[in-house]
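The first residue in the sequence is number 1, and the count goes up from there.
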Amino acid sequence: MYERATLSCRPAAAFLNFCAVQLPEQWDGQRTVRVTDDQGNDAMMTVEPPVRDALRRAALLAPHGLCCRIDLGVDSSGLNVVEVYWES
């Protein structure tokens, strides 16, 4: 199973592969999330509305072993998630 969510008006300028995403408790979709890439770099990122649900699903499934890969597309600032791909 996989899911790809994109924000069509702003394409991703860069991609982060095999990310770990930590949502704040009772995440409302507007607060920043902690993202760790496969190099071990941490960043606090905002998530664009069209991809929030996909990111939430991936982040909730990953700790239970139901999601083995999360790739994120970020805008040119590198701090806004505009694309989410995850697979199980």
Side-chain angles (χ1 to χ4, degrees):
M1 177 178 177
Y2 73 93
E3 179 177 11
R4 181 177 303 279
T6 61
L7 176 62
S8 60
C9 64
R10 283 197 315 185
F15 289 92
L16 305 174
N17 298 317
F18 295 100
C19 296
V21 178
Q22 182 180 4
L23 301 179
E25 192 171 315
Q26 298 179 355
W27 185 55
D28 60 3
Q30 296 180 4
R31 292 183 288 162
T32 57
V33 298
R34 178 177 301 281
V35 174
T36 305
D37 66 12
D38 61 345
Q39 305 285 317
N41 300 313
D42 283 331
M44 296 301 289
M45 297 185 176
T46 60
V47 182
E48 295 294 325
V51 301
R52 287 179 183 160
D53 290 338
L55 184 69
R56 182 189 317 267
R57 281 188 285 278
L60 294 176
L61 292 173
H64 303 289
L66 301 172
C67 175
C68 63
R69 178 181 187 146
I70 303 173
D71 297 343
L72 302 176
V74 295
D75 68 358
S76 59
S77 74
L79 297 175
N80 299 306
V81 177
V82 297
E83 185 172 334
V84 174
Y85 171 82
W86 67 269
E87 63 185 44
S88 59

**Complete:** To the nearest 0.5 Å, atom CZ of Arg56 lies from atom CG of Leu60 at 7.0 Å

**Item:** Residues Leu72, Val21; criterion side chain to side chain contact (heavy atoms under 4.5 Å, CB included); working and verdict
**Value:** CA-CA 10 Å; Leu72 302 176; Val21 178; 4.2 Å; yes

**Prompt:** Trp27 and Thr32: which non-hydrogen atoms are nearest, and at how many Å?
**Reply:** NE1-O, 4.5 Å

**Request:** Might you point out which heavy atoms bring Ala5 and Pro50 nearest each other, and give the distance in Å?
**Result:** CB-O, 4.3 Å

**Request:** Check whether any side-chain heavy atom of Pro24 sits under 4.5 Å from a side-chain heavy atom of Val33, and report yes or no.
**Result:** yes

**Request:** Could you walk me through whether Glu3 and Val84 pass side chain to side chain contact (heavy atoms under 4.5 Å, CB included), step by step?
**Result:** CA-CA 8 Å; Glu3 179 177 11; Val84 174; over 6 Å; no

**Request:** Kindly indicate, with the supporting measurements, whether the criterion side chain to side chain contact (heavy atoms under 4.5 Å, CB included) is fulfilled by Met45 and Leu55.
**Result:** CA-CA 12 Å; Met45 297 185 176; Leu55 184 69; over 6 Å; no

**Item:** Closest heavy-atom pair and its distance - Ile70, Cys67
**Value:** CG1-SG, 3.6 Å

**Request:** Say whether Tyr85 and Leu16 are linked into one hydrophobic cluster, either directly or through other cluster members, by side-chain heavy-atom distances under 4.5 angstrom.
**Result:** no

**Prompt:** Counting N and O atoms only, with roles assigned by atom type, does the side chain of Asp71 sit under 3.5 Å from a partner on the main chain of Phe18, one being a donor and the other an acceptor?
**Reply:** yes

**Request:** Work out which heavy atom in Arg52 is nearest to a heavy atom in Val47; give both atom names and the distance.
**Result:** NE-O, 2.9 Å

**Message:** Please check if the number of heavy atoms outside Glu87 that lie under 6.0 Å from its CD is greater than 12.
**Reply:** yes

**Prompt:** Which atom names give the shortest non-hydrogen contact between Val74 and Val82, and what distance separates them?
**Reply:** C-CG2, 4.0 Å

**Asked** Can you tell me if Arg31 uses its side chain to pair, donor with acceptor, with the backbone of Leu23 under 3.5 Å?
**Response** no

**Asked** For Asn17 and Asp38, does a side-chain donor sit closer than 3.5 Å to a side-chain acceptor?
**Response** no

**Request:** Start with the C-alpha gap between Glu83 and Phe15, add the side-chain angles, then the distance that decides, and say whether side chain to side chain contact (heavy atoms under 4.5 Å, CB included) holds.
**Result:** CA-CA 9 Å; Glu83 185 172 334; Phe15 289 92; 3.7 Å; yes

**Nearest heavy atoms of Leu79 and Met44, plus distance in Å** = CD2-O, 3.9 Å

